[in-house]
Amino acid sequence: MSATARPFPEAAHDALRDAQLRSNLFVATQTIRDKRNQVVGELSDWEELREAGRAIKADVLANLDRYLLQFEQAVADAGGQVHWAADAGEANQVVLDVARAHGVTELVKVKSLTTDEIGLNAALEAGGVSAIETDLAELILQLGGDWSSHILVPAIHRNRTEIRDIFRATIADDALSDDPGELAEASRTYLRERFLTARMAVSGANFGVAETGTVCVVESEGNGRMCTTLPPVLVTILGIEKLIPSFADLEVFLQLLPRSSTGERMNPYTSLWTGVNAADGPQEFHVVLLDAGRTNALADTVGRQALHCIRCSACLNVCPVYSRTGGQAYGSIYPGPIGAILTPLLYGVEHAPTLPFASSLCGACYEVCPVKIDIPSVLLHLRAKAVESAGKPSLTMAAAGWLFGGRRRFAAAQRLGRLAQRPLIRAGKIRRLPPPLDAWTRTRDLRPLAGESFREWWERRG
Amino acid sequence: MSGSRELILERVRRALADAPLAPESPRDYRRAGTLSPVARTELFYERVCDYRAEARRVRAGELPVAITEVFAARGAQRVCVPNDIASEWRVDGVNFVDDEELSWEELDHIDGVLTGCTLAIAETGTIVLSAGAGEGRRAITLIPDLHVCVIEERQIVETVPEAMTLLTELGAQRRPLTFISGPSATSDIELNRVEGVHGPRNLVVLIEESA
């Protein structure tokens, strides 16, 4: 979460006014959602796979110390080097140290939420090393000085003409058109030379296998294969929650992830490697095991299930709030329903007190989650914590509590309210209440109190 | 950071002070497929075509003809091959370049690559390479713009779990593995699918009927 992040309601308010953003998001979320439903529907054992995915992740968390040590040993046995980073600064320093040891001033990067989370690019820049993003969307953002709006399609808020203009200003000449094929070709040409000559690469990872020390990267464009195969030095940043116990467990996640994420039966490329192979790939391999708040989340007995997340983004696409505001309003690398719980769990609810409220609690996120994270329950849990951390309830709430606390008081208040609301009703709705009640009507219209309550009606019927 | 290792492990153990239970994971999902070999091959063929890769079914013994045709149709003359490729695949009319530590630059100037694979998954239309015999190192199937991959019908399994089990039986878990499902693609621009970004833009899968 960036230090300057604005509260969600404020940022969302601006996002909602951006018509281009809203229409792009609507099309994107709807399209991916339909594809996902179709390929998930093809599998008769989807619920069994979800349950297996949930249970495997719960096992990982319950025995995390043991699996971390097993993974460390397996990577070392295969010729890789393991580093431990308690926070973002330590992880960034490892990468910088490796770069310096090899005299590297430019490296290539695979799209990775984890490296975005720890602000790796900026830290490298400050240390005199430039990191080139190689995923097309990430490249668009990097060249445009912009940031992500969707986990899976980060540049979804940009249309083709905007992308053409960004490329013309940076990597291509004015002959470039806004045809998506031509734009992809421009990025291919720009990046190819860098792939072939890069001396070092940095990646995140989708999974780390404790049993074998194997690392797995799932992708579409081939930039992941390029980065993890060609440069002689590779550093992978792995959040400690990304472990899975055994190689065989991949059979569950390699089914759950692509179908939930891009709505494909399988993503175009999946790369798996273990340590260093003398005849194939990087001859120096480092893996950085990153905490950076994950143990905070783990300590929360209700919230720890958020660490099951495999970053598929299915919950974003079904969320009525996300599909209108987009990702940037969340002020976090992790947007949408999962971001609304993961962000406060990683950084502390006091640093993101509005996020647990960025939801209508409709439960659609829980239904599509491939590892069955009960996001609505965690949201409620975090709302309670947010209120707690904010101190005493307001005077208005205290007054409401007193009113609702007694039947006579409540009935009297209803009668009083009917009189008091008269001057406020316009066309059958109350659009603005006087302070302090205006907190409610700032974002909603209110229906007036009925002329007669149910209880009054019941008593009148005798 | 040596201190960080102990710190993280200690934080993990403290966070798990409530000793959460983790019963054994249920594995009730489908493991083995149910299709006949003929139906399995048909499904694999359909699913590969679905990715807009080119797939061809080739009768036993007719593989050399098919290889010749595929490269001729694309005007590919210099084609990289792993050193240990089957000799009958080295057809006339194509200049085969053995991969003897070719540099990235050299691979970038080659017209295509011809390899076998370890196995294929019908349900997902995936081919799996494990740097095994006839497959070569990863770079040769990555840098050239055309990848022609030969699959024997008996190498096709139906489900993902069957593939992972077979890789384990072959002792391939720790080898470099690449799962390929269609040509490289991106949907990053307004969700328009564009085939061919950094990996080979053309993938041709030759499915050889078992004799």
Side-chain angles (χ1 to χ4, degrees), chain A residues 27-28 31 45 48-49 51-52 55-56 58-59 62-65 78 84-86 90 136-137 153 155 159-160 163 180-181 183-184 188 191 196 212 214 220-223 225-226 229-230 247-248 250-251 254-255 265-274 277 279-281 291 295 298-299 301, chain B residues 1 4-5 7-9 11-16 18 20-23 25-30 47 51 104-105 108 121 123-126 131 137-139 142-143 160-161 163-165 168 173-192 194 196-199:
Chain A
V27 174
T31 309
D45 57 343
E48 286 78 9
L49 284 168
E51 181 51 30
I56 292 166
D59 171 31
N63 300 289
L64 189 56
D65 52 340
W84 300 69
E90 286 185 7
L136 178 52
V153 275
N159 63 33
R160 60 180 75 188
I163 295 167
L183 293 170
R188 177 186 165 100
L191 288 173
L196 300 185
T212 54
T214 305
S220 297
E221 296 176 6
N223 59 317
R225 289 180 73 193
M226 290 279 179
T229 309
L230 303 184
F247 185 78
L250 286 166
E251 71 194 20
L254 290 183
Q255 294 193 76
R265 298 185 183 104
M266 192 66 98
N267 49 289
Y269 297 135
T270 297
S271 297
L272 296 149
W273 70 94
T274 308
N277 183 302
D280 193 335
D291 179 355
T295 47
L298 187 65
T301 54
Chain B
M1 321 265 156
S4 302
R5 180 178 186 272
L7 176 64
I8 293 173
L9 288 169
R11 282 179 184 169
V12 168
R13 287 170 187 145
R14 211 177 334 127
L16 295 172
D18 62 317
L21 292 176
S25 309
R27 309 267 173 180
D28 309 331
Y29 49 85
R30 289 174 312 130
R47 293 279 151 98
Y51 293 126
W104 306 158
E105 197 58 34
D108 198 30
I121 309 168
E123 213 165 76
T124 57
T126 304
R137 51 188 183 137
R138 285 174 290 175
L142 175 60
I143 299 176
V160 175
M164 301 315 285
T165 304
T168 304
Q173 310 109 294
R174 290 179 179 78
R175 296 217 294 262
L177 297 170
T178 309
F179 288 49
I180 300 173
S181 309
S184 81
T186 184
S187 299
D188 279 344
I189 302 168
E190 296 180 9
L191 290 185
N192 284 287
V194 176
V197 194
H198 304 297

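Here is how names work: the chains are called A, B, and so on, in the same order as the sequence lines, proteins then strands, and each is numbered from 1.
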Trainee: Please enumerate all residues that pass side-chain contact (heavy atoms from CB on, under 4.5 Å) together with D59(A), with sequence neighbours excluded.
Mentor: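 Listed in chain order: N63(A), Y67(A), P245(A), A22(B).
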Trainee: Is the shortest side-chain heavy-atom distance between L16(B) and L298(A) below 4.5 Å?
Mentor: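 In contact.
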Trainee: Which bit of R14(B) is near chain A, if near means a heavy-atom gap under 4.5 Å: side chain, backbone, both or neither?
Mentor: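 Nothing of R14(B), per the 4.5 Å heavy-atom cut-off to chain A.
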Trainee: Identify which of L142(B), T178(B), D108(B) forms the greatest number of heavy-atom pairs closer than 4.5 Å to chain A.
Mentor: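 The answer is L142(B).
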Trainee: Quick check on the interface: out of T295(A), L254(A), N277(A), who has the most heavy-atom pairs with chain B under 4.5 Å?
Mentor: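 Max contact count across the listed options: T295(A).
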Trainee: Counting heavy-atom pairs under 4.5 Å with chain B, which one of G222(A), P180(A), G281(A), A184(A) comes out on top?
Mentor: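 Highest number of pairs under 4.5 Å: P180(A).
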Trainee: So does V197(B) get a backbone contact from the side chain of S184(B), meaning a donor-acceptor N/O pair under 3.5 Å?
Mentor: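 Pair found, side chain donor or acceptor close to backbone of V197(B).
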Trainee: Taking every heavy-atom pair that is under 4.5 Å apart, which of A163(B), P161(B), G199(B) has the most such pairs with chain A?
Mentor: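 If we count pairs closer than 4.5 Å to chain A, P161(B) comes out on top.
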Trainee: Heavy-atom cut-off 4.5 Å, strictly under: side chain, backbone, both or neither for I56(A) against chain B?
Mentor: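 Both backbone and side chain.
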Trainee: T126(B) versus chain A, heavy atoms under 4.5 Å apart: side chain, backbone, both or neither?
Mentor: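 Answer is side chain: those atoms of T126(B) sit under 4.5 Å from chain A.
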Trainee: Can you say whether D18(B) sits under 4.5 Å from chain A via the side chain, the backbone, both, or neither, judging by heavy atoms?
Mentor: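 For D18(B), the side chain is the part near chain A, not the backbone.
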Trainee: How close do W104(B) and A139(B) get, heavy atom to heavy atom, and via which atoms?
Mentor: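 Between these two residues, the closest heavy atoms are CZ3-CB, 3.3 Å.
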Trainee: Quick one: which of G181(A), A248(A), S220(A) has the most heavy-atom pairs under 4.5 Å with chain B, could you say?
Mentor: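 Counting heavy-atom pairs under 4.5 Å, the top option is S220(A).
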Trainee: Provide the closest heavy-atom pair for T124(B) versus R265(A) in the form atom of the first, atom of the second, distance.
Mentor: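 Residues T124(B) and R265(A), closest heavy atoms: CG2-O, 3.6 Å.
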Trainee: Salt bridge check: are R30(B) and E123(B) linked by an N-O gap of less than 4.0 Å?
Mentor: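 Counted as a salt bridge, because a side-chain N and a carboxylate O are separated by less than 4.0 Å.
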Trainee: Do Y51(B) and M266(A) have side chains that get closer than 4.5 Å, going by heavy atoms?
Mentor: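 Side chain of Y51(B) against side chain of M266(A), heavy atoms only: contact under 4.5 Å found.
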Trainee: Please look at A52(A) and chain B and tell me whether the side chain, the backbone, both or neither of the residue comes under 4.5 angstrom of a heavy atom of that chain.
Mentor: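 Both backbone and side chain.
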Trainee: Using a cut-off of under 4.5 Å for heavy-atom pairs, which of P268(A), A78(A), A55(A) has the most such pairs with chain B?
Mentor: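 Heavy-atom pair counts peak at P268(A).
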Trainee: Considering only heavy atoms and a distance below 4.5 Å, find which of V153(A), L64(A), D291(A) pairs most often with chain B.
Mentor: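 Most pairs with chain B among the choices: D291(A).
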Trainee: Heavy atoms only, distances under 4.5 angstrom: which of R137(B), R138(B), R27(B), M164(B) has the most pairs with chain A? Name it, please.
Mentor: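 That would be R138(B).
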Trainee: Pick one of side chain, backbone, both or neither for A58(A), based on which atoms fall under 4.5 Å of a heavy atom in chain B.
Mentor: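 Only the backbone of A58(A) comes within 4.5 Å of chain B.
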Trainee: Please check this pair: side chain of E221(A) against backbone of L136(A), looking for a donor-acceptor N/O pair closer than 3.5 Å.
Mentor: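 Checked: pair present.
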Trainee: Picking from L250(A), L230(A), T301(A), V27(A), which has the most non-hydrogen pairs under 4.5 angstrom with chain B?
Mentor: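 Of the candidates given, the most pairs with chain B belong to L230(A).
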Trainee: For the residue pair T274(A) and T214(A), confirm or rule out a side-chain donor-acceptor distance under 3.5 Å.
Mentor: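 A pair is found: one side chain offers a donor N or O, the other an acceptor, under 3.5 Å apart.
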Trainee: Against chain B, label T212(A) side chain, backbone, both or neither, depending on which of its atoms sit under 4.5 Å from a heavy atom there.
Mentor: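 Interface part for T212(A): both.
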Trainee: Considering only heavy atoms, which portion of A131(B) lies under 4.5 Å from any heavy atom of chain A: side chain, backbone, both, or neither?
Mentor: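 Interface part for A131(B): side chain.
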Trainee: When heavy-atom pairs shorter than 4.5 Å are enumerated against chain A, which of L21(B), V194(B), I180(B), N192(B) gives the highest number?
Mentor: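 Result: the option with the highest number of such pairs is I180(B).
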Trainee: Of the listed residues (T168(B), T165(B), I189(B)), which shares the most heavy-atom pairs with chain A below a 4.5 Å separation?
Mentor: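 Heavy-atom pairs under 4.5 Å are most numerous for I189(B).
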Trainee: Among all residues two or more places apart in sequence or in another chain, which pass the side-chain hydrogen bond (donor to acceptor under 3.5 Å, both in side chains) test with E251(A)?
Mentor: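 Expected list: Y29(B), R31(B).
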